[in-house]
Every structure is written in structure tokens, then in C-alpha cells.
Novice: 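Below: one structure in C-alpha cells.
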Amino acid sequence: MDKLIAQLGFLLELDKLKAILRRTRPVGLDRYENTAEHSWHVALMAMLLAEHAEPPVAVERVVKMLLLHDIVEIDADDTFLYDEAAAAGKADKEVAAAERLFGMLPPEQAREFHALWREYEERATADGRFAYACDRLLPMLQNLANEGASWQENSVRFEQVIRKNLHINDAAPALWQYVLPRLEAARDKGWLG
């Protein structure tokens with residue numbers, strides 16, 4: 001019964017992801033998405049686009065990583081990718097959050113989830129790199145569909161987007177080849193500085 005109580009307590013704690021707002025808007029909506037929505041959406045993205053990963057990946061592991069990677073935002077909050085000042089101290093906050101949150105689980109699950117979270121963060125494996133690439137691609141697609149809404153609101157420059165997202169090419173070259181000309185067109189339309 002202790003194991004079940006710990007698992008259910010963790011699940012209820014995860015409900016707090018619904019209150020963490022990101023700076024990206026869902027396509028066609030005039031509000032910010034929350035982290036729970038993002039996690040669901042990017043996990044589905046990985047399932048749909050896994051065939052484009054190079055080298056091939058274990059889809060189930062990638063999906064697990066994507067469902068787990070933002071859990072730390074419950075304690076550490078979301079940090080906008082292009083906000084360099086806000087990124088200071090982010091890693092330490094997220095490590096502490098991972099320790100607390102995954103520590104709520106029974107030991108075996110805590111170790112598994114924490115290891116998957118680290119693998120995502122370190123991007124040392126094909127699965128971790130592809131998960132990270134999906135996580136970076138989704139907000140770009142949303143911005144492209146929303147005429148660069150959050151890019152314009154936050155004065156994001158074309159060079160920042162390229163620099164922060166170029167590693168998509170390492171994990172899934174076809175996805176990068178798809179998005180790069182669209183980013184260039186967004187710059188030409190004035191959606192990116």
C-alpha cells in the first residue's frame with residue numbers, strides 16, 4: 001500500500017504542471033500553453049516523427065523522456081529558451097526539483113525516471129538527442145503557425161533561433177531541412193528580428 005500511496009501522491013503533484021505557463025501560444029489561440037499541454041503534444045510529436053530520427057531511436061523511451069523532462073518545472077518554473085538572463089541558475093534549480101519530485105516515487109521508479117530525465121538533459125544518446133530535438137521543434141512550428149507571435153512578443157532574433165535549435169539537424173536532418181527555409185521566410189516577413 002505504501003508504494004501505491006507514493007505513486008498516487010506523485011500523480012497528484014504532477015497536476016501542478018497545468019499551472020505552469022510557457023511563452024508559446026497554442027495554434028490559433030490567444031493564450032499561453034501550459035507545460036502539461038506541451039508535454040502531451042511533444043510526446044505525440046515524437047511518436048509521429050520517430051521515423052525521421054538519425055540514427056533510429058527507441059520511441060517508447062523517447063516518449064517517456066518527453067513526458068518526464070518538464071516535470072521539474074513544478075518547482076523550477078519554465079525558462080524561456082531565448083532569455084539568457086533567466087537561464088542563470090536554471091540547471092541547479094532543475095536538479096533540485098528532479099531530486100524532490102522523483103524522490104516522491106518508490107525507489108525503483110525514482111531511479112528510472114531520474115535516469116531518463118538526465119538522459120534527456122545530457123543528450124548523449126540518440127534517444128536523448130531526438131527527444132530534445134522534438135522539444136525544440138514544436139515551439140518553432142507553433143510560432144510559424146501563429147505568425148511568430150511569441151518571437152515578436154519577446155524580440156527574438158533569427159540568429160538566436162538558429163543557434164538554439166541547430167542541433168535538430170544532428171538528431172533528425174529531415175526535420176531541420178523542413179524548418180530552416182520556413183524560419184528564413186519568417187525572418188523575411190518580419191516575424192523574427
Novice: Ignoring hydrogens and angles, tell me if any N or O in the side chain of Glu37 forms a donor-acceptor pair with the backbone of Asn34 under 3.5 Å.
Specialist: yes
Novice: Check the pair Thr24, Gln142 against side chain to side chain donor-acceptor pair (under 3.5 Å), reporting the backbone distance first and the verdict last.
Specialist: CA-CA 7 Å; Thr24 305; Gln142 290 170 304; 4.7 Å; no
Novice: Under 4.5 Å between any side-chain heavy atoms of Met140 and Ile168, yes or no?
Specialist: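 Yes. Closest side-chain heavy atoms under 4.5 Å.
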Novice: Is there a chain of hydrophobic side chains (I, L, V, M, F, W, Y, each step under 4.5 Å between heavy atoms) that links Leu12 to Leu101?
Specialist: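 Leu12 and Leu101: separate clusters.
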Novice: Say whether Val156 and Leu21 are linked into one hydrophobic cluster, either directly or through other cluster members, by side-chain heavy-atom distances under 4.5 angstrom.
Specialist: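 Different clusters: Val156 never reaches Leu21 through Ile, Leu, Val, Met, Phe, Trp or Tyr contacts under 4.5 Å.
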Novice: Can you tell me how far apart CG (Leu180) and CG (Asn169) are? Round to the nearest 0.5 Å.
Specialist: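 Here the rounded value is 9.0 Å.
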Novice: Minimum heavy-atom separation for Leu175 and Phe130, please, with both atom names.
Specialist: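 That closest heavy-atom pairing would be CD1-CE1, 4.2 Å.
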Novice: Using a 6.0 Å cut-off, check whether atom NE2 of His41 has over 12 heavy atoms from anything other than its own residue.
Specialist: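 No, NE2 of His41 has 12 or fewer neighbouring heavy atoms, counting only those of other groups under 6.0 Å.
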Novice: Are Trp176 and Tyr178 connected into the same hydrophobic cluster when the rule is that any two of I, L, V, M, F, W, Y join if their side-chain heavy atoms are below 4.5 Å apart?
Specialist: yes
Novice: Would you check if the side chain of Asn146 reaches a backbone N or O of Arg25 as a donor-acceptor pair within less than 3.5 Å?
Specialist: yes
Novice: One pair to check against side-chain contact (heavy atoms from CB on, under 4.5 Å): Asn154 and Gln160. What are the steps and the verdict?
Specialist: CA-CA 12 Å; Asn154 295 283; Gln160 289 176 287; over 6 Å; no
Novice: Would you say the side-chain atoms of Asn143 pair up with the backbone N or O of Ser150, donor to acceptor, closer than 3.5 Å?
Specialist: yes
Novice: Sub-3.5 Å donor-acceptor pair from the side chain of Asp83 to the main-chain atoms of Ala86, do we have one?
Specialist: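 Such a contact is found between Asp83 side chain and Ala86 backbone.
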Novice: Return all side-chain donor-acceptor pairs below 3.5 angstrom for residues 183-193, not counting sequence neighbours, or 'none' if the list is empty.
Specialist:
none

Novice: Quick one: do Val179 and Phe158 end up in the same hydrophobic cluster if we chain Ile, Leu, Val, Met, Phe, Trp and Tyr together by side-chain heavy atoms under 4.5 Å apart?
Specialist: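 Same hydrophobic cluster.
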Novice: Can you pull out every salt bridge (Lys or Arg N to Asp or Glu O under 4.0 Å) where at least one residue sits in residues 120-140? Sequence neighbours excluded, please.
Specialist: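 Every pair satisfying salt bridge (Lys or Arg N to Asp or Glu O under 4.0 Å) with a residue in residues 120-140: Arg61-Asp127.
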Novice: Is the shortest heavy-atom distance from the side chain of Lys93 to the side chain of Asp77 under 4.5 Å?
Specialist: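 No, side chains not in contact.
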Novice: So, using ring-ring contact (aromatic ring centres under 6.0 Å, His included) as the criterion, who are the partners of Phe80 when residues are at least two apart?
Specialist: Tyr82
Novice: Report whether Trp40 and Val59 are members of the same hydrophobic cluster (ILVMFWY, side-chain heavy atoms less than 4.5 Å apart, transitive linking).
Specialist: yes
Novice: Could you note down all residue pairs passing salt bridge (Lys or Arg N to Asp or Glu O under 4.0 Å) where residues 154-181 supplies at least one of them, sequence neighbours left out?
Specialist: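 Every pair satisfying salt bridge (Lys or Arg N to Asp or Glu O under 4.0 Å) with a residue in residues 154-181: Glu84-Arg163, Glu84-Lys164.
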Novice: Tell me whether Glu153 contacts the main-chain N or O of Arg23 through its side chain, where contact means a donor paired with an acceptor under 3.5 Å.
Specialist: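 No, because the side chain of Glu153 does not come within donor-acceptor range (under 3.5 Å) of the backbone of Arg23.
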Novice: Sequence neighbours excluded and cut-off under 3.5 Å, please list the side-chain donor-acceptor pairs for residues 104-118, or say none.
Specialist:
from, atom 1, to, atom 2, distance (Å)
Gln109, OE1, Gln7, NE2, 2.9
Glu112, OE2, Lys64, NZ, 3.2
His114, ND1, Arg118, NH1, 2.4
His114, NE2, Glu99, OE2, 3.3
Trp117, NE1, His69, O, 3.4

Novice: Which residue pairs pass the side-chain hydrogen bond (donor to acceptor under 3.5 Å, both in side chains) test when at least one of the two sits in residues 48-60, sequence neighbours left out?
Specialist: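 Qualifying pairs, neighbours excluded: none.
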